[in-house]
Amino acid sequence: MPELPEVETVRRDLATIVVGKRVLGIRGAASAPLRRIRGLTFKNLRRRGKYLLATLGEFELIIHLGMSGRLLAAATIPPVPHVRLVIDLEGGVHLVFVDRRRFGRVSFVRRGDYAGSPTLARMGPEPLSAAFTKSAFGHQLRATKAPIKSLLLNQRLVAGIGNIYADEVLHRAGIHPDRRRLTPLEAGRLHRAIRSVLAAAIHHRGTSFSLHRDGLLPPGNFGRHLRVFQRAGQGCRKCGAPILKVRLARRSTYFCPKCQVRERDVM
DNA sequence: CACGCCTCCTGTGCGC
DNA sequence: TGCGCACAGGAGGCGT
């Protein structure tokens with residue numbers, strides 16, 4: 001599930017609960033470095049791309065939810081399978097990391113030491129920040145020849161986009177997912193689409209999938225605003241043509257064959 | 001270095 | 001109904 005809007009939703013839900021609280025203990029599959037978190041206090045809870053970051057003393061807690069990870073704050077440990085880690089906080093609060101597929105990661109490093117997370121170390125700008133400029137984005141898109149969808153997924157040109165929002169922003173921008181070397185016009189449309197789609201998704205608390213509809217978290221409801229993702233065979237909301245599903249970059253890819261043409265724009 | 005492919009893990013849903 | 005297999009929202013690591 002978790003792409004930028006979902007991770008941001010988790011961050012906002014948990015920040016007010018954990019910030020300022022001291023760690024009383026840690027249980028579960030905690031690495032030796034992670035066990036040093038005991039006794040330290042959460043100074044903040046931040047997000048970078050799809051990563052959650054927290055400063056505690058001289059250290060930084062790095063949490064990536066992977067494909068199936070969830071992070072919950074609760075007074076009692078919920079009776080769900082696949083609880084991997086529990087961080088006990090003062091005030092009777094438990095931070096619970098649940099991850100069915102174990103693709104999630106929790107690490108504890110010296111502040112800013114991202115050597116163990118190359119994607120985080122090389123992360124592109126936050127799409128909703130001023131650092132994400134149309135001109136820099138456009139220049140980078142001219143300089144690389146991979147399919148635009150692969151570039152959106154790899155986190156280096158812009159942070160936080162995954163398979164759902166890659167398809168959604170490409171549809172919004174009217175760009176075929178396999179287009180390469182975008183024109184400045186296309187780059188401009190894509191830049192704008194990235195900002196508007198992600199902002200709207202955050203507003204709706206992200207896209208909720210069955211894994212997350214268990215009553216433990218307020219559900220996201222951006223799902224009903226999706227224009228192409230998991231809508232194969234259904235009509236494009238813009239032109240009515242049936243949405244296609246293909247494999248691209250080893251991922252399911254949904255697009256409208258009429259609104260998103262592969263040919264380069266005529267300028 | 002850029003790019004593409006394979007892998008990690010577990011559960012679900014589909015076709016036969 | 002049962003079985004086997006493809007597939008699932010991510011990113012790290014490797015080979016080319």
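Reminder, nothing fancy here: chain letters follow the sequence lines and each chain counts from 1. Predicted model only: the values in this text are computed from it and were never measured.
A salt bridge links Glu126(A) with Arg47(A): the distance from a Lys NZ or Arg NE/NH1/NH2 to an Asp or Glu carboxylate oxygen falls below 4.0 Å.
Partner of Asn163(A) under the side chain to side chain donor-acceptor pair (under 3.5 Å) criterion, chosen from Arg251(A), Glu168(A), Lys149(A): Lys149(A). Among Arg27(A), Arg22(A), Arg38(A), Lys21(A), the one residue that satisfies the salt bridge (Lys or Arg N to Asp or Glu O under 4.0 Å) test with Asp88(A) is Arg27(A).
Nucleotides dC9(B) and dC3(C), compared at atom P, are 25 Å apart to the nearest Å. Taking the P atom of each, dG11(B) and dA11(C) are spaced 22 Å apart, rounded to whole Å.
Ring planes of Phe59(A) and Phe108(A): parallel class, angle under 30° (limits at 30 and 60°). Between His64(A) and Tyr51(A), the ring-plane angle classifies as perpendicular under the 30° and 60° cut-offs.
Contact check, His64(A) against dA11(C): a side-chain N or O comes under 4.0 Å of OP1 or OP2. OP1 and OP2 of dG10(C) both lie 4.0 Å or more from every side-chain N or O belonging to Gln155(A).
With the nearest nucleotide of DNA chain B identified for both Ala249(A) and Arg122(A), Arg122(A) has the one nearer the 5' end. Nearest-nucleotide positions on DNA chain C for Arg101(A) and Met123(A) put Arg101(A) closer to the 5' end.
Here Pro5(A) lies out of heavy-atom contact (under 4.0 Å) with every strand.
Here the range on DNA chain B touched by chain A, meaning any atom under 4.0 Å from one of its heavy atoms, is dA2(B) to dG11(B).
Between the CZ atom of Arg250(A) and the P atom of dA6(C) there is a distance of 12 Å, given to the nearest Å. When the C1' atom of dA11(C) is taken as reference, atom OH of Tyr51(A) falls 6 Å away, rounded to whole Å.
Note that the CD1 atom of Ile62(A) and the OG atom of Ser117(A) stand 4.5 Å from one another [nearest 0.5 Å].
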